[in-house]
Amino acid sequence: MVMSKPVACSRMYNLSPRIRGLWDALFALASSQSGIELEIIAHAAPAPLSELWARPDLGAVFMCGYPFSRMPEAARPPVLAAPVSSEAWSLDQPLYASHILVASTGPVNAVADLAAAHWGWTVRDSQSGYHAARSYLAGRFAGTMKQITTVGPLLNPSGIVAALKDGRIDAGAIDAYAFQLLSMHEHDAIDGLRILTTTEPLPAPLLVAAQTLPVDITTALKQSLVTLHETPEGAAALERLGLRRFSAVAPSAYDILPQRADDADRRLGIPW
């Protein structure tokens, strides 16, 4: 039987054709250095991410930590590595945060205004685009917010940005690393928006493989990713994506995410 090539996909961070091209180049380099031939795919929006994560041929695919953490341990895909951003909010660790964005000329001028803001959210199983915002609000306005108006699902960071620009929402949270990529390569996309505040760092989205992938292939891909920064070509590919390196991570690091989400739901007391 001929085995299909394992797939690589940066869908979570495919923010533009240019950015996707940089990811494709990085995956091609990791493929070459590992000796594992990867099929690099887009799985472009609006195709559901859940369909991507359910594929039996995952080789190196970005997965949000929140749905990963909600899976039974025995069902979780093998973890390869997580990215370490060059931005200060990463603390030089495989962490990320969410930026709460507002329009520069919009009605929200201070954190206090967020309690009455018209919010946008991406999807309910997103840490960065949904749960991070709710945890932030619960920490500051628990027990004082009686109702809130929201728009969603807006699917991804680009949906939040578009809704802010056309005035459908006053505030929205997006993955801080996604914002970094837009700042580096698609700055026009975020013109007219500003970061009001940033949530605390939490475990970053991770690259995963399929459980059905042979262990030797998984091991080779993981080793290639976590050593990519040690070669001139790898360091350059990472730098173009605003990354210092990929780091090995423990699956248990993500167990904090459901706890935080459930706590925010209880303290906030307002459904979206």
Side-chain angles (χ1 to χ4, degrees), residues 9-20 23 42-53 61-68 70 96-108 111 113-138 141 145 147-183 185-199 202 204-205 257 260-261 264-265 268 270-272:
C9 184
S10 59
R11 158 65 187 276
M12 284 188 64
Y13 294 116
N14 278 353
L15 300 163
S16 72
R18 180 181 181 184
I19 294 171
R20 185 198 162 192
W23 277 113
H43 194 80
L49 278 166
S50 57
E51 290 182 1
L52 173 65
W53 298 332
V61 171
F62 269 112
M63 184 175 190
C64 177
Y66 181 78
F68 175 85
R70 285 290 191 187
Y96 80 143
S98 290
H99 291 320
I100 295 178
L101 300 185
V102 298
S104 300
T105 57
V108 176
V111 167
D113 299 332
L114 292 174
H118 193 175
W119 279 81
W121 52 275
T122 54
V123 291
R124 289 192 174 92
D125 65 351
S126 169
Q127 172 59 34
S128 60
Y130 183 82
H131 292 293
R134 289 178 61 79
S135 291
Y136 184 88
L137 291 172
F141 306 112
M145 297 177 66
Q147 61 181 8
I148 193 166
T149 305
T150 66
V151 174
L154 295 171
L155 193 60
N156 53 32
S158 297
I160 295 287
V161 167
L164 282 167
K165 285 194 166 190
D166 65 21
R168 283 181 289 145
I169 61 174
D170 303 325
I174 76 166
D175 182 320
Y177 177 55
F179 187 87
Q180 178 188 358
L181 288 171
L182 291 173
S183 298
H185 300 295
E186 304 292 348
H187 201 272
D188 288 351
I190 54 174
D191 279 351
L193 305 182
R194 66 185 179 93
I195 299 169
L196 182 67
T197 189
T198 300
T199 65
L202 290 167
L257 301 181
R260 288 174 56 90
D265 288 346
L268 202 57
I270 303 172
W272 285 14

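Scope of the values below: all heavy atoms of this structure, side chains included, with no hydrogens, waters or symmetry mates. The structure displayed is predicted, hence computed values, not measured ones.
Contact record, P107 with D170: CG-OD1, 3.4 Å, taken as the closest heavy-atom pair. For the pair C64 and D125, the tightest heavy-atom approach, listed with the atom from each and the gap, is SG-O, 3.9 Å. Residue L52 comes nearest to C9 through the heavy atom pair CD2-SG, 3.8 Å, listed as atom of the first residue, atom of the second, then distance. When all heavy atoms of A132 and T199 are compared, the pair lying nearest together is O-CG2, 4.0 Å. Taking every heavy atom of both residues into account, A103 and R194 meet most closely at O-NE, 4.4 Å. Across all their heavy atoms, P153 and V123 have their closest contact at CB-CG1, 4.2 Å.
A 4.5 Å side-chain heavy-atom check between Y136 and V111 finds at least one atom pair inside the cut-off. For the pair T122/L155, no side-chain contact is recorded, criterion being any heavy-atom separation below 4.5 Å from C-beta on. Side chains of I195 and L101 form a contact here, defined as non-hydrogen atoms less than 4.5 Å apart. No side-chain heavy atom of F62 sits under 4.5 Å from any side-chain heavy atom of L49.
One finds the CG atom of L164 at 4.0 Å from the CD1 atom of I169 (value rounded to the nearest 0.5 Å). Annotation: the span from S50 atom OG to M63 atom CE amounts to 9.5 Å, rounded to 0.5 Å. The line from OG of S128 to NE2 of H99 is 11.0 Å long, rounded to the nearest 0.5 Å. To the nearest 0.5 Å, atoms CG (L154) and CD1 (I174) are separated by 12.0 Å. Between atom CG of residue D265 and atom CD1 of residue I270 there is a gap of 11.0 Å, rounded to the nearest 0.5 Å. Of the inter-residue distances, the one linking Y66 atom OH with L202 atom CG reads 13.0 Å to the nearest 0.5 angstrom.
Side-chain polar atoms of T149 and H118 form no donor-acceptor pair below 3.5 angstrom.
With ring centers used as reference points, F68 lies 6.0 Å or more from W53.
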(request) Kindly indicate, with the supporting measurements, whether the criterion side chain to side chain contact (heavy atoms under 4.5 Å, CB included) is fulfilled by I148 and L137. (result) CA-CA 11 Å; I148 193 166; L137 291 172; 4.2 Å; yes
(message) Run the side chain to side chain contact (heavy atoms under 4.5 Å, CB included) test on R18 and E186 for me, step by step, so that the C-alpha distance in whole Å, both residues' side-chain angles and the decisive distance to 0.1 Å come before the verdict.
(response) CA-CA 9 Å; R18 180 181 181 184; E186 304 292 348; 3.7 Å; yes
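In this structure a side-chain-to-backbone donor-acceptor pair under 3.5 Å is missing from R70 to L257. Between the W121 side chain and the A133 main chain, no donor and acceptor come within less than 3.5 Å of each other. Looking only at distances, a side-chain donor or acceptor of S16 sits under 3.5 Å from a matching main-chain atom of I19. Side-chain atoms of R11 do not come within 3.5 Å of backbone N or O of P48 as any donor-acceptor pair. Judged by distance alone, with hydrogens and angles left aside, the side-chain atoms of K165 form a donor-acceptor pair with the main-chain N or O of A189 at under 3.5 Å. A donor-acceptor contact shorter than 3.5 Å links the side chain of R124 to the backbone of W272.
Between Y13 and W23, the ring-plane angle classifies as parallel under the 30° and 60° cut-offs.
Just one of S98, S126, P205 meets the side-chain contact (heavy atoms from CB on, under 4.5 Å) condition when paired with D175; it is P205.
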